[in-house]
Amino acid sequence: MVMELATMIRTEFPDRSLSGLGGIESGEDAAQFHPARLPDTVQVCTGVMKFGYECVKPMQEQLLAFYGETQVRDARRF
């Protein structure tokens, strides 16, 4: 269902952006949105609410490690 909605938004509203959110507590969680190319952005609220803003730097490092391992230089090309 999520993929259907994302496809509809991309097709019918190409000038709109799509954001992924929900349950993101780590860089790995955020990276899970990218294989489906669903969001243009990923929002983090759960992790910050549970762990405070200190969790942002480790998330960034985890995402950078993920992109390095997959040889992705630009998330839009993923």
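Everything numeric here is computed off the predicted structure, so don't read it as measured data.
Of the inter-residue distances, the one linking Met49 atom CE with Cys55 atom SG reads 11.0 Å to the nearest 0.5 angstrom. Put simply, CG on Leu18 and CE on Met8 are 9.5 Å apart, with the number rounded to the nearest 0.5 Å. With values rounded to the nearest 0.5 angstrom, Asp29 atom CG is found 12.5 Å from Leu21 atom CG. Expressed to the nearest 0.5 Å, how far CD of Glu61 lies from CG of Leu64 amounts to 8.0 Å. For the atom pair NZ (Lys57) and CD (Gln62), the distance works out to 12.0 Å, reported to the nearest 0.5 Å. Within the model, atoms CZ of Phe66 and OG of Ser26 stand 11.5 Å from one another, a figure rounded to the nearest 0.5 Å.
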**Message:** Checking Ser19 against Val42 for the side-chain contact (heavy atoms from CB on, under 4.5 Å) test, could you report, in this order, the C-alpha distance in whole Å, the side-chain angles of both residues, the deciding distance, and whether it holds?
**Reply:** CA-CA 5 Å; Ser19 188; Val42 175; 5.9 Å; no
**Prompt:** Passes side-chain contact (heavy atoms from CB on, under 4.5 Å), Val56 versus Val44? Steps please.
**Reply:** CA-CA 9 Å; Val56 174; Val44 177; 5.9 Å; no
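For Glu25 and Thr46, the side-chain atoms include no donor-acceptor pair closer than 3.5 Å.
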